[in-house]
Number of protein chains: 2
Amino acid sequence: MKQPTICPKFEKAISLLSQRWTTLVIYQLLLGPQRFNEIQTSIGISGKVLSDRLKELENQGVVKREVIPETPVIIKYSLTEKGQSMEPILKTIENWSQTWIKLESELSSN
Amino acid sequence: MKQPTICPKFEKAISLLSQRWTTLVIYQLLLGPQRFNEIQTSIGISGKVLSDRLKELENQGVVKREVIPETPVIIKYSLTEKGQSMEPILKTIENWSQTWIKLESELSSN
DNA sequence: TATACTTACTTACATAAAGTAACGTGGTGA
DNA sequence: TCACCACGTTACTTTATGTAAGTAAGTATA
């Protein structure tokens, strides 16, 4: 590793977003507040890593964790304002993917 | 891992972009065609991983590798049309980061 | 009271990815 | 011939992720 010459804010954003699963977790939460198991089963992440990611995203102020003392207790994860503000990023990626990504099943003549 | 329920094209795009370094390599190449060592020193990636990423990006049709038989030989990496088309994604992330990312040095009152 | 069940994790261990540093290759120049 | 440079590759270590079993708090059931 040498010394990078890139804007540190951009770099920090990238290092967040390019952690495996982070983007998908945020994408999922853009659909609305969700519980641990909902996120887990809908994106197919392991419990261990989801736990790590949610903690990190909470630390970064992207995700909010709420304990609802019902019976049984419900833990609800949702996006903060900062998290919501990432929607354009996800939408841009989504748009791009629709135009440019070819799936295995479509790769015939390239 | 359970079964995910997300658009496969979007997922494939995410799995590309959320590989460590991929985004930074593309970002760097958006500044113009560059040689191996230029990329390496400007983003601070190890030669081994850069080599892997460039191969993968070439396979995905994002990066083009050109051998220029000068003296000594020059290997020039540049973005294909598909690679160039990712610029909006990077710009969106850059904009977001300027507004929302706080650096260590700025974290006093949060 | 004991047993079993649920959600939301955590822990222990195995595999995969990334980092580091040394080496290989093809060509130049001294 | 020896040293040097660009562009990698290889061998080995460290870190991240996956898998499966376990824990804790609360209920319901017998």
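Everything numeric in this text was worked out from a predicted model, so none of it was measured. Proteins come first, then strands; the chains are lettered A, B, ... in the order of their sequence lines, and each starts at number 1.
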Please report the distance, rounded to the nearest Å, between CG in B/N37 and C1' in D/dC4. 14 Å
Residues in salt bridge (charged side-chain N to carboxylate O under 4.0 Å, His left out) contact with A/E87, at least two apart in sequence or another chain: none
To the nearest Å, how far apart are B/I45 CD1 and C/dA18 C1'? 10 Å
Connected to B/I68, directly or through other members, by ILVMFWY side-chain contacts below 4.5 Å are B/I74
Starting at the 5' end of nucleotides 25-30 of chain C, put B wherever the base has a protein heavy atom under 4.0 Å, S where only the sugar-phosphate does, and a dash everywhere else. ---S--
Of all residues at least two apart in sequence or in a different chain, which pass the side chain to side chain contact (heavy atoms under 4.5 Å, CB included) check with A/E58? A/R65
Check every atom of D/dG18, C/dA18, D/dC7 against the side chain of A/W21 and return the nucleotide holding the closest atom. D/dG18
Pairwise salt bridge (Lys or Arg N to Asp or Glu O under 4.0 Å) hits with a residue in residues 42-54 of chain A, at least two apart: none
Who passes side chain to side chain contact (heavy atoms under 4.5 Å, CB included) against A/S51, sequence neighbours left out? A/F36, A/K55
Less than 4.0 angstrom between a side-chain N/O of A/Y77 and OP1 or OP2 of C/dC9, yes or no? yes
Heavy-atom pair of closest approach, residues A/T23 and A/L17: OG1-O, 3.1 Å
Could you list all N or O pairs between the protein and nucleotides 9-14 of chain D that sit under 3.5 Å apart?
residue	atom	partner	partner atom	Å
D/dT9	OP1	B/K55	NZ	3.4
D/dT9	OP2	B/S51	OG	2.5
D/dT9	OP2	B/K55	NZ	3.1

Length of the CG-P vector between A/L50 and C/dT10, whole Å: 11 Å
Tell me the interatomic distance from A/R35, atom CZ, to C/dT6, atom C1', rounded to whole angstroms. 10 Å
Provide, to the nearest angstrom, the distance between the CD atom belonging to A/Q40 and the P atom belonging to C/dC9. 10 Å
Quick one: is B/R53 getting a side-chain N or O under 4.0 Å of the C/dA18 phosphate, OP1 or OP2? yes
Once you round it to whole Å, what is the distance between P of D/dC5 and CD1 of B/I75? 18 Å
Please name all residues satisfying salt bridge (charged side-chain N to carboxylate O under 4.0 Å, His left out) with A/E66, sequence neighbours left out, ordered by chain then number. A/K76
Expressed as a whole number of angstroms, how long is the span from B/I43:CD1 to C/dA18:C1'? 14 Å
Side chain to side chain contact (heavy atoms under 4.5 Å, CB included) with B/S97: which residues, sequence neighbours excluded? A/K9, A/F10, A/A13, B/I101
Across all chains, not counting sequence neighbours, the salt bridge (charged side-chain N to carboxylate O under 4.0 Å, His left out) partners of A/K82 are none
Please list, chain by chain and in numerical order, all residues satisfying salt bridge (charged side-chain N to carboxylate O under 4.0 Å, His left out) with B/K91, sequence neighbours excluded. B/E94
May I have the distance from A/R20 (atom CZ) to D/dA16 (atom P), rounded to whole angstrom? 13 Å
Please list residues of residues 57-67 of chain B whose heavy atoms come under 4.0 Å from any atom in DNA chain D, ordered by number; otherwise none. B/R65
Donor-acceptor side-chain pairing of B/W21 and A/S18 below 3.5 angstrom: no
